[in-house]
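In what follows, a structure is listed as structure tokens, so that the remarks can point back to it.
Residue numbers begin at 1 in each chain, while the letters A, B, ... track the order of the sequences. Fair warning: this is a prediction, and the values are worked out from it, not measured in the lab.
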Amino acid sequence: MKKVLNQAFFDRPAEIVAKELLGKFIISNAGKDEVSLMINEVEAYTGPDDLACHASKGKTGRTQVMFGPAGFFYVYFVYGIHWMLNVVTGKKGFPAAVLIRGAGDIHGPARLTNFLKIGKEFNGKSAEPANGLWFENRGVIIKPGQIKKTPRIGVDYAGRVWAQKPLRFLLRNI
DNA sequence: GCAGTGATCATA
DNA sequence: ATGATCACTGCC
């Protein structure tokens, strides 16, 4: 069973999309060989009230894609070195996204983009095979007990409440 | 523990 | 134009 995740999958709250992305596959055919990895670590950035979400500071050049429709990639550069891969979730006009932090044997959001050769050219593109980067449901069933929740990484600046919310989701036993 | 690295944004 | 900040990684 292989089913490409469509816009309807992503057009839901970031927290739901994040949890459901665990066990799904990210596929890239940008290189000469197709690469597919099972997603095992994600974080949800839930909207304009989420002080850890870039869009909480308003719509800017960098964050505008988050204000667009669901199912588009939000890719940005941070610390002068690293690219971060996110997928926009929820309705157009409501800025929220899910950060893909780990898949397969690749643990760490910048390692993943490095491995998949993802850079700014994917920012603002939609997740579909025609664009060379997309997601599939391959029938892996994840039970609630397999999902571990923790606070998100590197968001201490967001204040106690938002920094501590359990919006990072990982698969156990990876 | 912390340096490296440069886009981005606010301030001017 | 300048300065602060940063959803990280790898090496000490």
What residues, two or more places apart in sequence or in another chain, satisfy salt bridge (Lys or Arg N to Asp or Glu O under 4.0 Å) together with A:Asp11?
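By the salt bridge (Lys or Arg N to Asp or Glu O under 4.0 Å) rule, A:Asp11 matches A:Lys91.
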May I ask you to decide if the ring planes of A:Phe122 and A:Phe73 are parallel, tilted or perpendicular, using 30° and 60° as cut-offs?
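Plane angle over 60°, so perpendicular.
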Has the side chain of [X] got a donor or acceptor atom that lies under 3.5 Å from a matching backbone atom of [Y]?
X	Y	value
A:Asp50	A:Ala52	yes
A:Arg111	A:Gly102	no
A:Glu41	A:Leu170	no
A:Asn131	A:Ser126	yes

With sugar-phosphate meaning primed atoms plus P, OP1 and OP2, does A:Ala52 contact a base, only sugar-phosphate, or nothing at under 4.0 Å between heavy atoms?
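If one applies the 4.0 Å heavy-atom cut-off, A:Ala52 turns out to touch a base.
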In dot-bracket, 5' to 3', how would DNA chain C read with Watson-Crick or G-U wobble pairs under 3.5 Å, [ ] for crossing ones and | for pairs to another strand?
||||||.||||.
Applying side chain to side chain contact (heavy atoms under 4.5 Å, CB included), run through A:Arg101 and A:Val42 and close with a yes or a no.
CA-CA 5 Å; A:Arg101 295 186 56 90; A:Val42 296; 5.9 Å; no
Any chance you could lay out the side chain to side chain contact (heavy atoms under 4.5 Å, CB included) test for A:Ile147 and A:Phe169, step after step, and finish with the verdict?
CA-CA 6 Å; A:Ile147 299 178; A:Phe169 307 97; 4.1 Å; yes
Within the 4.0 Å limit for protein heavy atoms, which parts of nucleotides 7-12 of chain B are touched? Write it as a string from 5' to 3', B for base, S for sugar-phosphate only, - for none.
SSS---
Boundaries of the chain A footprint along DNA chain C (any atom under 4.0 Å from a heavy atom):
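Answer, 5' to 3': C:dC6 to C:dG10.
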Out of A:Leu167, A:Ile153, A:Thr150, which residue meets the side-chain contact (heavy atoms from CB on, under 4.5 Å) rule with A:Glu43?
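Option passing the side-chain contact (heavy atoms from CB on, under 4.5 Å) with A:Glu43: A:Ile153.
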Before we go on, tell me: are the rings of A:Phe135 and A:Phe9 under 6.0 Å apart, centre to centre?
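Centroid distance A:Phe135-A:Phe9: not below 6.0 Å, so no.
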Using a cutoff of under 3.5 Å, can you pull out all pairs of nitrogen or oxygen atoms linking the protein to nucleotides 1-5 of chain B, with atom names and distances?
residue: B:dT5; atom: O2; partner: A:Tyr79; partner atom: O; Å: 2.3

Answer whether the closest heavy-atom distance between the side chains of A:Thr63 and A:Tyr74 falls below 4.5 Å.
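Counting from C-beta outward, A:Thr63 and A:Tyr74 do come under 4.5 Å.
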Listed by chain and number, what are the side chain to side chain donor-acceptor pair (under 3.5 Å) partners of A:His82, not counting sequence neighbours?
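So A:His82 forms no side chain to side chain donor-acceptor pair (under 3.5 Å) with any residue.
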